[in-house]
Amino acid sequence: MAVFQSKKYRAAAHAATFAARYRAQMAKHPFLLFGLPFISIIVAGSFVLTPATAIRYERHDRKVRQLTRDEELGVGKGGRKVNIKDEYYRLAAKDLDDWEQKRVKRLPGENDGIL
């Protein structure tokens, strides 16, 4: 049985390309040509994404802001007073067994679900 060569055949024209030179240097200096660029991209990405996340949190802070004391005092004034017993009796008085299913009107062009 024939033994295959461990080296792959590469043409002479291939040896002069950038990829062939990079592959040869990669075997000699793997960290310098692969590890260092990889780590530097990760670190640079962190610095680039920091302002983007800051913008995200600044936007959130604009939406959710702390109320002043005057605004805080006026927040619940418009609502009705709720008594838990009254609400219980109001809901208990409803007839939940006598109901009728009503079909919702569909928008034009929307599938109505009827086969």
Side-chain angles (χ1 to χ4, degrees):
M1 197 175 253
V3 178
F4 293 105
Q5 292 180 352
S6 61
K7 285 184 160 183
K8 292 182 179 180
Y9 173 74
R10 291 193 168 84
H14 180 71
T17 63
F18 176 75
R21 284 185 275 137
Y22 182 77
R23 189 180 302 115
Q25 290 297 318
M26 180 78 145
K28 294 177 188 174
H29 310 287
F31 178 75
L32 186 65
L33 295 174
F34 183 75
L36 191 63
F38 181 74
I39 291 173
S40 61
I41 286 173
I42 298 297
V43 171
S46 171
F47 283 106
V48 169
L49 289 176
T50 299
T53 56
I55 290 171
R56 174 183 169 208
Y57 290 117
E58 287 170 4
R59 226 168 159 197
H60 182 268
D61 289 343
R62 269 187 261 133
K63 287 181 184 174
V64 181
R65 62 182 179 83
Q66 190 170 4
L67 295 176
T68 62
R69 188 71 177 156
D70 296 333
E71 291 172 333
E72 189 177 312
L73 291 174
V75 164
K77 299 231 174 172
R80 67 181 177 94
K81 299 289 184 192
V82 178
N83 185 355
I84 193 75
K85 285 184 179 180
D86 292 340
E87 289 297 313
Y88 173 76
Y89 290 123
R90 188 177 64 83
L91 290 173
K94 286 188 174 183
D95 185 18
L96 298 178
D97 294 328
D98 184 30
W99 59 276
E100 181 182 339
Q101 184 173 0
K102 294 183 181 177
R103 186 162 182 83
V104 177
K105 186 177 179 185
R106 304 287 191 230
L107 294 173
E110 188 177 3
N111 185 8
D112 61 354
I114 298 174
L115 296 176

Check the hydrophobic clustering (I, L, V, M, F, W, Y; side-chain heavy atoms under 4.5 Å; chains of links allowed) and say if Ile39 and Leu32 are grouped together.
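Yes, one cluster joins them.
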Using the rule that two of Ile, Leu, Val, Met, Phe, Trp, Tyr join whenever any of their side-chain heavy atoms come within less than 4.5 Å, decide whether Leu33 and Val43 are in one cluster.
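Each belongs to a different hydrophobic cluster.
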Would you find more than 12 non-hydrogen atoms of other residues, nucleotides or ligands less than 6.0 Å from [X] atom [atom1]?
X	atom1	value
Ile42	CD1	yes
Arg59	CZ	no
Phe34	CZ	no

Enter the distance from [X]:[atom1] to [Y]:[atom2] here, rounded to the nearest 0.5 Å.
X	Y	atom1	atom2	result
Thr50	Ile55	OG1	CD1	11.0 Å
Phe18	Gln25	CZ	CD	10.0 Å
Asn83	Tyr89	CG	OH	10.0 Å
Phe31	Phe38	CZ	CZ	11.5 Å

Does Thr17 reach the side chain of Arg21, with side-chain heavy atoms less than 4.5 Å apart?
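In short, these two side chains do not touch, never coming nearer than 4.5 Å.
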Nearest heavy atoms of Ser40 and Pro37, plus distance in Å
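Looking at all heavy atoms of both residues, the shortest contact is OG-O, 2.8 Å.
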Can you name the residues that form a side chain to side chain donor-acceptor pair (under 3.5 Å) with Glu87, not counting sequence neighbours?
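If we apply the side chain to side chain donor-acceptor pair (under 3.5 Å) test to Glu87, skipping adjacent residues, the hits are Arg80, Arg90.
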